[in-house]
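For the single chain, residues carry numbers from 1 onward in sequence order.
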Amino acid sequence: MLQEGLKLPIVSEADMRTLPAHVSMPLTGHLLSSTLPYHPTLPGEIQPLTPIEPHPLLPAAPGPSRVAGSTSFLPPPRTLFSSPPAHARPLPPKAVLTRANSKNQVENVAEETEAAVAQAIATDKTPEGATTGLAYDNMMLKHQCVCNDNSHHPEHGGRLHSIMARLQETGLIHRCHYLRARKATLEEIQSCHSEAHTLLFGTNPLNRSRLDMSMFADLPIKSFVRLHCGGIGVDLDTTWNEMHTSSAARMAAGCVVDLAYKVAKGELRNGFALVRPPGHHAEHQQAMGFCFFNSIAIAARQLHQKLNLKKILIVDWDVHHGNGTQSMFYDDRHVLYISMHRYDDGSFFPGTGAPTEVGECDGYGFNVNIAFSGGLKPPMGDAEYLAAFQSVVMPIAREFDPDIVLVSAGFDAADGHPSPLGGYKVSASCFAHMTKQLMTLARGKVVLALEGGYNLTSISDASEACVRALTGEELPPISEHELARPPCQSALETLQNVIAVQSGPWPVVRRQSGLLGLSQAEVQGREEEQETVSAMASLRVDPQNHQSRSPEPPPQTTAAPGTSNDEEEPMEEDSEVGTGDICAVRDNYSVGSSGRSREGGRAWVCPAPSRPAPPKLVPAPAWRAGDPLS
């Protein structure tokens with residue numbers, strides 16, 4: 001517990017390394033090694049740190065203060081945010097990025113982005129024929145480390161610059177309706193996050209200084225971290241800019257919420273939210289993994305509370321598991337969360353997302369984790385992701401029949417990301433085809449929100465392909481090699497495990513188990529044959545006149561006036577259900593232990609012992625920033 005007047009120290013990375021209790025697993029899944037592309041370590045000899053000021057969150061205590069086991073003093077104020085450290089390498093006045101396949105090779109993407117946005121918002125009216133919304137705001141570019149050196153930080157504003165420039169080059173930005181963005185309100189954010197978390201990360205320094213400091217005592221974060229680059233972070237990965245991070249995080253959430261509103265109400269058919277910082281790692285009162293506010297979760301909660309949507313599907317194809325999104329809806333039957341991610345038996349960040357994590361209480365069965373393991377031998381690609389969609393994602397999604405589909409569209413599974421940040425080889429075409437499949441649900445109401453993805457070329461390719469799918473343009477084809485290649489053995493084992501776990505609440509997945517070992521080309525051939533056979537079997541040909549006719553309806557018995565047909569069609573009786581049986585309610589898609597729907601729908605009661613008991617839920621230990629590594 002924090003006491004009044006006590007300072008929160010800012011702990012240096014050097015101190016973090018000497019204190020095992022403070023060392024946490026970075027997003028890369030490793031301690032900061034000099035072999036990693038984005039996270040160089042400190043020099044071999046740790047130089048004494050310059051005095052640093054405590055974060056202005058807490059009032060100053062009289063006299064100097066020292067962190068236990070640290071050589072850093074907490075000196076007079078006005079030194080932390082006045083100027084970047086002397087060793088920090090500042091960027092030029094205007095950020096210039098180099099992009100492959102560009103006509104000039106080197107272009108000022110910032111100017112292109114501003115010109116494109118200005119042109120897009122020149123009119124308040126939706127352009128004729130535009131049905132795809134695009135949510136974006138330059139405010140989100142201001143969230144950056146105070147060291148001003150993006151080479152140390154994979155999550156930076158150049159990600160949005162590159163994607164916007166690609167949409168401008170290809171002309172796709174003119175096929176979209178640009179939304180005037182707004183920051184999410186504190187009330188909206190508190191629908192998913194605690195009040196203390198919302199005020200700490202969502203208010204400006206002036207307002208934050210007026211808050212009662214005792215309200216932050218229960219937050220997991222007890223101190224900010226001095227990064228090796230000279231900046232400040234929530235952890236070793238998640239940078240904090242005192243002046244701009246809160247506004248950027250609230251703007252990202254507001255973009256996703258507004259876009260989801262317009263799509264849900266039918267004002268737009270679908271949309272793409274080009275936002276940062278990402279959100280799916282942010283938990284109820286924990287910022288981590290580059291994330292502060294869980295934008296997708298906030299949008300889903302608002303759609304349920306304000307628009308009364310009963311069935312919301314969240315698909316998360318970021319290579320990292322969305323631990324924050326899962327935790328917020330783990331007992332909620334109105335939100336079905338399906339995640340495809342690299343798991344490696346819990347050794348890949350964030351360590352959550354095991355197939356056995358299926359939800360609890362009312363939310364049992366509404367949490368589906370396709371957790372790929374086996375490392376990168378071989379890395380997962382199009383064949384594995386398409387197989388997961390065909391065998392698990394789409395069958396469950398069709399059965400759920402959502403009102404809207406929200407996608408945590410992280411592109412760090414795309415080819416081009418090094419192992420610590422992804423390592424998979426999913427193509428841009430595959431992301432586009434997965435988007436197109438999701439558009440067959442919810443009458444096409446699909447909202448994509450950018451999450452991870454750090455290779456500028458890869459995320460630009462993937463974003464372009466997905467926007468093409470949303471706007472109805474022709475998609476780039478998937479390579480014949482990937483279509484002809486069956487999924488690798490480790491992926492097959494993962495999908496078989498998921499089907500075994502989810503076959504209780506979602507029996508529909510059992511029908512796909514026989515197709516797991518086939519390539520996508522073979523699966524398509526089988527489906528075409530089955531459709532042909534089914535179409536022919538549905539026709540009955542009269543041998544005399546060779547005219548097809550429909551089967552005759554069964555005879556109906558007309559009840560006498562004043563009588564009832566209740567005896568002929570008796571009502572279903574409630575029956576006792578064994579403790580090991582599963583009861584599935586499919587009229588309102590709620591799965592639980594009672595035999596009757598809470599909303600008046602028809603209930604399916606499982607006859608004991610017709611179905612085996614569901615697998616015992618053994619949740620993987622959730623890693624939090626600051627936990628020691630094993």
**OP:** Compute whether any side-chain donor of one residue and acceptor of the other, for Glu451 and Ser408, lie under 3.5 angstrom apart.
**Re:**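 Result is yes, a qualifying pair exists.
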**OP:** Before giving the answer on side-chain contact (heavy atoms from CB on, under 4.5 Å), spell out for Thr435 and Asn270 the whole-Å C-alpha distance, their side-chain angles and the decisive distance to 0.1 Å.
**Re:** CA-CA 11 Å; Thr435 302; Asn270 51 51; over 6 Å; no
If we ignore hydrogens and angles and just use 3.5 Å, is the side chain of [X] paired with the main-chain N or O of [Y] as donor and acceptor?
X      : Y      : result
Tyr454 : His417 : no
Arg276 : Ala252 : no
Arg468 : Gly472 : no
Ser339 : Asn369 : no
Ser458 : Ala414 : no
Arg175 : Thr471 : yes
Lys436 : Ala469 : no
Arg182 : Gly254 : no
Ser162 : Arg159 : no
Asp412 : Val319 : yes

In Å, rounded to the nearest 0.5 Å, how long is the span from [atom1] of [X] to [atom2] of [Y]?
X      : Y      : atom1 : atom2 : answer
Trp240 : Ile232 : CH2   : CD1   : 11.5 Å
Leu274 : Leu167 : CG    : CG    : 7.0 Å
Met251 : Lys142 : CE    : NZ    : 9.5 Å
Thr245 : Met140 : OG1   : CE    : 13.5 Å
Gln285 : Ile221 : CD    : CD1   : 11.5 Å
Leu336 : Ile312 : CG    : CD1   : 11.0 Å

Heavy-atom distance under 4.5 Å between the side chains of [X] and [Y], does that happen here?
X      : Y      : answer
Leu421 : Pro154 : yes
Tyr343 : Ser373 : yes
His161 : Leu456 : no
Phe389 : Leu438 : yes
Val335 : Met328 : no
Arg269 : Val263 : no
His304 : Asp403 : no
Leu172 : Glu473 : yes

Subject >> Given Ser479, Ser427, Ser429, the one that forms side chain to side chain donor-acceptor pair (under 3.5 Å) with Asp382 >> reply: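 Answer after filtering Ser479, Ser427, Ser429: Ser427.
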**OP:** Run through His280, Gln286, Glu283 and flag the one making a side chain to side chain donor-acceptor pair (under 3.5 Å) with Asn323.
**Re:**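 The residue from His280, Gln286, Glu283 that satisfies side chain to side chain donor-acceptor pair (under 3.5 Å) with Asn323 turns out to be Glu283.
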Is it true that [X] and [Y] have a side-chain N and a carboxylate O under 4.0 angstrom from each other?
X      : Y      : value
Lys306 : Glu188 : no
Arg180 : Asp258 : no
Lys425 : Glu384 : no

Original post:
Among all residues two or more places apart in sequence or in another chain, which pass the ring-ring contact (aromatic ring centres under 6.0 Å, His included) test with Phe293?
Top reply: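 Phe293 satisfies ring-ring contact (aromatic ring centres under 6.0 Å, His included) with His193, His197 only.
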Subject >> Listed partners of Phe431 passing ring-ring contact (aromatic ring centres under 6.0 Å, His included), at least two apart >> reply: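 Checked Phe431 against ring-ring contact (aromatic ring centres under 6.0 Å, His included); matches are Trp317, Phe411.
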Write down the atom of [X], the atom of [Y], and the distance for their closest heavy-atom approach.
X      : Y      : value
Leu268 : Gly133 : CD1-CA, 3.7 Å
Gly230 : Val146 : O-CG2, 4.4 Å
Arg250 : Ile189 : CG-CD1, 3.7 Å
Ile296 : Ala449 : CD1-CB, 3.8 Å
Gly202 : Leu186 : O-CD2, 3.9 Å
Asn455 : Gly416 : ND2-O, 3.2 Å

Subject >> Aromatic ring proximity Phe292/His143, centre distance under 6.0 Å >> reply: yes
**OP:** State yes or no: are the ring centers of Phe372 and Tyr385 separated by less than 6.0 Å?
**Re:** yes
**OP:** Go through the steps to decide whether Met139 and Lys183 satisfy the test side-chain contact (heavy atoms from CB on, under 4.5 Å), and finish with yes or no.
**Re:** CA-CA 10 Å; Met139 182 180 292; Lys183 293 191 293 185; 4.0 Å; yes
Original post:
After noting the C-alpha distance and the side-chain angles of Cys229 and Asp149, does the key distance pass the side-chain contact (heavy atoms from CB on, under 4.5 Å) rule?
Top reply: CA-CA 8 Å; Cys229 64; Asp149 188 352; 6.0 Å; no
**OP:** May I ask you to decide if the ring planes of His321 and His341 are parallel, tilted or perpendicular, using 30° and 60° as cut-offs?
**Re:** tilted
Original post:
Taking it one step at a time, do Asp415 and Tyr424 satisfy side-chain contact (heavy atoms from CB on, under 4.5 Å)?
Top reply: CA-CA 6 Å; Asp415 190 10; Tyr424 285 178; over 6 Å; no
